[in-house]
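Encoded as structure tokens, the structure appears first; notes follow it.
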Amino acid sequence: MDIYSEVQSSEPAELINSPFGGRYCGTIPPRRRISMYRAVAISFFSNKNVTTDLFEGTFRFINASEYEIGIPIAGSPCSYTITPSMSVNKTGALISPTYPGAYPKDMSCTYQFLGESNQRVRLEFRDFDLFFGGPHCPFDYVKVYDGPDNSSALIGTYCGQQRNLVLYSSESSLFVHFYTLSRTANTQNRGFKGIYEFSESFVKLDFIRENDGIHIRGSECDQKILSKKESTGFVLSPNYPYPYIPKTVCRYFIYGMQDAQHLERVRLEFNAFNIPKVEHKDKSESNCTDGYLKIYLKGQETADAYDKFDYELCGNETQRVISEGPRLAMVFSSGELQGRGFKGKYTFETEYKIPGTAAPDGTCSFTYVSSSKKRGELNSPRYPSNYPSDTNCSYLFLAEADEQVTIVFDHFKIKADNNANATAGAYGSGACFEDWLEMYVVYRDNNDRLLGRYCGQTAPGPVESPRGAVGLRITLHTDQESVASGFKARYFFESAKSDAGDCGGNFSNQDSGLITSPNWPAGYKAPGRGMASNACNWVMKARPGYKLSIHFEQFGLEGDPANRGCPAAVLRLWMNVDSDQPPLELCGEKPPVEQWHYTSTGQTARISFTTSDKTVGAQGFRIVWTEIQDSGPGPPSVGLHCESTYHFQCGAGYCISDKLRCDGVKNCGPGDDTDELHCTTEAAEEDYDVLIIITLLVVSSLICLLCILCHSRRSRRNHVRQLGLHRNAHYDSQTSATAGLSSSRRHLQSGGASIAGSLHGINSGNLIIPPAPLPPTSVPPPPHICIAGVDMGMGMGMGHGLMSNGEDDDDDLELDEDQLDADIFINDVHFDEDNIDHVNQMANV
């Protein structure tokens with residue numbers, strides 16, 4: 001079946017000249033058809049005889065005036081001009097040609113609505129069905145213009161199926177263009193049907209224009225307000241300050257700046273507010289059931305999001321709100337009760353997306369107080385997006401009296417040298433002169449001490465506020481050129497430590513000292529569990545007229561100053577504690593060939609070593625500091641005269657204490673070991689003297705030990721002799737003497753025994769030891785002893801014992817070959833050198 005619905009002539013021959021309306025077969029019937037003119041033609045074709053019914057339908061003739069909605073425009077079968085005088089109550093129907101039948105192809109229809117000067121035009125499409133070719137409607141469409149023709153501002157282009165499509169003109173005219181594309185596709189869309197209205201009662205838009213608002217075309221009173229960069233203005237209800245019009249809905253869209261360089265938020269506070277509310281007995285029910293103002297802090301724009309409001313206001317209440325992004329939306333519904341409405345003041349503030357307590361004036365200033373939160377995060381504006389240009393931000397951290405604040409950086413990239421993509425780092429005011437971050441120590445007298453300036457990828461090292469300080473302050477400065485991603489960091493408020501921190505100390509009135517990292521040389525470690533950082537502080541103070549030489553013998557900390565800074569561990573060196581100059585910040589590893597040597601500019605220097613919870617660990621450092629004579633600024637002169645004879649002048653010119661010579665530490669600085677030269681000989685002599693002293697002590701100890709042994713042995717012999725005398729108490733004195741002598745020599749009775757020695761006597765021969773005599777019955781003569789030809793008489797007047805070389809020895813007869821050089825005769829028995837040992841053995845008995 002072929003259908004022709006645009007037949008202009010009833011002659012069958014003219015059918016071939018009519019537009020083809022479509023061919024149909026199968027079981028799906030065509031949609032309703034309405035002729036464009038006065039006729040419809042249907043052609044049926046079949047190649048077989050069929051007796052059953054193949055199709056059936058109905059037809060009727062309708063009044064064509066229903067589609068003549070205005071004054072026809074010549075040259076077009078469906079274009080009209082519509083004015084208020086042509087309709088009853090200034091309203092009428094708007095209908096597409098052939099609606100509700102399938103509309104024709106290759107068609108262009110226009111509808112021009114011209115109202116009076118004080119009127120606005122309203123269109124309401126109650127049914128809308130066009131072929132949908134995409135969101136931009138490239139095929140069939142309806143375009144609505146806010147003016148008398150298609151040169152006016154376009155309100156919108158519509159296709160597909162639309163629901164609740166209501167449009168208003170801004171002025172007194174409106175222009176609608178309906179267009180269908182010439183194509184072979186078989187489409188059967190209905191077109192559209194709606195109503196139009198001319199009215200003076202629609203909302204006047206003066207309250208929008210007079211307050212820098214922009215009317216959203218096609219709406220009755222919706223408006224948008226765009227920021228002019230931190231601008232301010234007012235939003236009002238329709239007809240304010242007079243009562244608003246009942247049953248009116250107006251939407252407000254307040255847009256802050258949002259682009260690569262800017263990000264704003266909206267602050268809104270009401271100066272006047274009056275929307276009548278209805279009291280309900282059920283307290284759980286909202287009182288804003290008639291009129292209300294709903295506020296959306298996230299700037300919802302889709303229809304399905306309007307139920308998720310943040311505030312619903314009515315009555316006389318006022319509210320101060322801040323958007324959660326660059327947009328804030330409001331919906332005002334007037335209801336049936338009238339009120340004066342509202343007047344609010346909006347302010348566009350730069351949105352920094354920085355956690356913390358923002359300054360009330362909207363500037364980029366944030367405060368972090370220990371009493372509010374003990375730990376948290378901070379970041380550059382809009383992180384992780386790029387920070388804005390031409391911005392200055394301040395971050396202030398205030399600790400309690402018994403607390404310290406620690407800051408650790410996790411990400412850092414600040415534009416350096418007009419290159420946001422630079423991979424190298426930079427440190428100090430000489431390198432960072434475009435964008436930079438600075439850190440300060442804040443004291444109670446409002447005297448801030450600069451810790452350092454950073455840019456590029458040189459992240460600041462972890463920092464602890466010193467004891468006695470109020471806290472820390474960070475400032476971020478950006479210029480008008482390129483930008484970068486900025487930084488992210490963490491802060492911790494912890495109990496205050498001593499001046500030395502977790503380790504360290506103070507040195508004063510000392511010639512030199514050694515400073516090493518914790519656990520040196522095994523390597524330092526990360527802070528304990530739950531601790532944000534560890535800090536070791538050393539303060540060295542020289543005497544008046546002196547300064548300090550600081551030499552890094554070994555140094556190895558995690559980090560890379562050139563590429564990523566010192567985010568995990570850092571050593572800071574203050575060359576003059578009393579100066580405002582920032583410290584030197586060190587990390588990485590010192591090559592063995594490099595010499596790191598510094599000279600203080602004052603009497604006091606300070607070293608601070610700080611690790612964070614990001615620390616992995618490394619070898620650490622060994623530093624030698626030495627008190628040197630102050631020779632003024634610059635390097636020392638070789639010809640410098642040391643002030644005292646107690647000072648030693650190094651090869652480089654430094655004057656150090658003479659006590660530091662040959663102490664095993666190079667105190668003269670790098671490349672100068674003159675204080676350790678010519679120390680080998682003196683050290684050997686000192687060692688030899690010590691050896692002599694030790695030897696004398698050992699010999700003296702041995703002599704004392706021998707004396708003690710000798711005294712003990714003599715005591716035992718005296719005891720034995722006393723026992724012998726006791727047994728022979730019935731003898732007289734002479735007999736006792738003889739018997740004592742005989743018993744003390746009893747071992748000589750072995751007979752024929754020889755006594756070895758070097759004794760030389762008057763006579764020679766073999767010595768025969770007579771047997772020990774039995775106890776006598778009568779007193780024998782005393783023994784006769786002759787030594788070296790001298791008669792040693794043992795008579796009554798001699799007493800007991802023997803005489804050796806004229807000396808009395810009551811205890812022993814010591815016959816030593818070194819002392820005796822003569823023959824010995826006892827009772828005319830000769831004792832020569834061959835048997836002198838027996839005499840000694842007898843003496844021992």
Side-chain angles (χ1 to χ4, degrees), residues 1-70 72-80 93-111 125-134 137-143 157-162 176-194:
M1 176 184 288
D2 294 336
I3 299 179
Y4 301 85
S5 58
E6 301 174 55
V7 178
Q8 299 186 29
S9 173
S10 60
E11 296 295 331
E14 295 295 328
L15 188 61
I16 192 172
N17 296 323
S18 300
F20 182 59
R23 174 171 290 178
Y24 304 90
C25 62
T27 60
I28 301 177
R31 286 190 176 181
R32 181 187 303 182
R33 284 293 193 277
I34 295 179
S35 65
M36 184 72 178
Y37 302 101
R38 297 174 56 217
V40 171
I42 298 175
S43 173
F44 169 69
F45 171 81
S46 175
N47 62 355
K48 62 181 67 174
N49 294 325
V50 180
T51 59
T52 60
D53 293 336
L54 296 179
F55 67 89
E56 64 174 296
T58 62
F59 68 91
R60 67 187 178 95
F61 296 95
I62 60 176
N63 192 344
S65 63
E66 181 180 350
Y67 296 91
E68 298 174 359
I69 61 174
I73 298 177
S76 174
C78 55
S79 296
Y80 301 92
L94 174 64
I95 190 170
S96 61
T98 72
Y99 178 89
Y103 59 76
K105 306 172 184 177
D106 191 19
M107 181 179 63
S108 179
C109 304
T110 62
Y111 307 88
F125 291 92
R126 296 182 174 178
D127 186 21
F128 192 99
D129 179 30
L130 270 63
F131 175 75
F132 181 74
C137 303
F139 301 115
D140 302 346
Y141 59 79
V142 170
K143 286 188 175 182
T157 301
Y158 309 95
C159 62
Q161 293 184 348
Q162 299 288 334
V176 178
H177 181 202
F178 174 39
Y179 173 79
T180 63
L181 187 67
S182 175
R183 62 187 182 279
T184 58
N186 185 16
T187 60
Q188 303 183 71
N189 300 90
R190 297 185 304 273
F192 58 83
K193 180 180 181 181

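Heavy-atom basis, side chains included; hydrogens, waters and symmetry copies ignored. These numbers come from a predicted model, not from an experiment. All residue numbers in this chain count up from 1 along the given sequence.
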Donor-acceptor contact below 3.5 Å, side chain Ser79 vs main chain Thr110: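 Pair found, side chain donor or acceptor close to backbone of Thr110.
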
Value rounded to 0.5 Å, distance of [atom1] in [X] from [atom2] in [Y]:
X	Y	atom1	atom2	answer
Ile69	Ser96	CD1	OG	9.5 Å
Tyr103	Arg190	OH	CZ	10.5 Å
Tyr99	Asn189	OH	CG	12.0 Å
Phe139	Thr180	CZ	OG1	13.0 Å
Ile73	Cys109	CD1	SG	10.5 Å
Cys159	Leu130	SG	CG	7.0 Å

All side chain to side chain contact (heavy atoms under 4.5 Å, CB included) counterparts of Pro77, not counting sequence neighbours: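 With neighbours one apart ignored, the set is Met36, Tyr37.
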
For Phe61, all residues meeting side chain to side chain contact (heavy atoms under 4.5 Å, CB included), sequence neighbours excluded: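 Side chain to side chain contact (heavy atoms under 4.5 Å, CB included) list for Phe61, sorted by chain: Phe59.
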
Could you pull out every donor-acceptor pair under 3.5 Å between side chains of residues 22-32 and any protein atom, sequence neighbours left out?
from: Arg23; atom 1: NE; to: Asp2; atom 2: OD1; distance (Å): 2.6
from: Arg23; atom 1: NE; to: Asp2; atom 2: OD2; distance (Å): 3.4
from: Arg23; atom 1: NH2; to: Asp2; atom 2: OD2; distance (Å): 2.9
from: Tyr24; atom 1: OH; to: Arg33; atom 2: NH2; distance (Å): 2.4
from: Arg31; atom 1: NH1; to: Gln188; atom 2: O; distance (Å): 2.7

Aromatic centroids of Phe192 and Phe178 separated by under 6.0 Å: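 Yes, the ring centres sit under 6.0 Å apart.
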
is_close_aromatic(Tyr141, Tyr158), centroid dist under 6.0 Å: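 No: the rings miss the under 6.0 Å criterion.
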
Mutual orientation of the aromatic rings belonging to His177 and Tyr179 [parallel < 30°, tilted 30-60°, perpendicular > 60°]: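 Rings of His177 and Tyr179: tilted, 30 to 60°.
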
Which atoms form the tightest heavy-atom contact between [X] and [Y], and what is the distance?
X	Y	answer
Ser76	Ser108	OG-O, 3.6 Å
Ile34	Gly101	CD1-N, 4.0 Å
Ile95	Glu66	CG2-O, 3.7 Å

Phe45 atom CZ, over 12 foreign heavy atoms within 6.0 Å: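 Count not over threshold, so no.
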
Flag the pair [X] / [Y] as yes when at least one side-chain heavy-atom distance between them is below 4.5 Å, and no otherwise.
X	Y	result
Phe125	Gln162	no
Tyr67	Thr98	no
Phe44	Leu54	yes
Val40	Ser35	yes
Gln161	Phe132	no

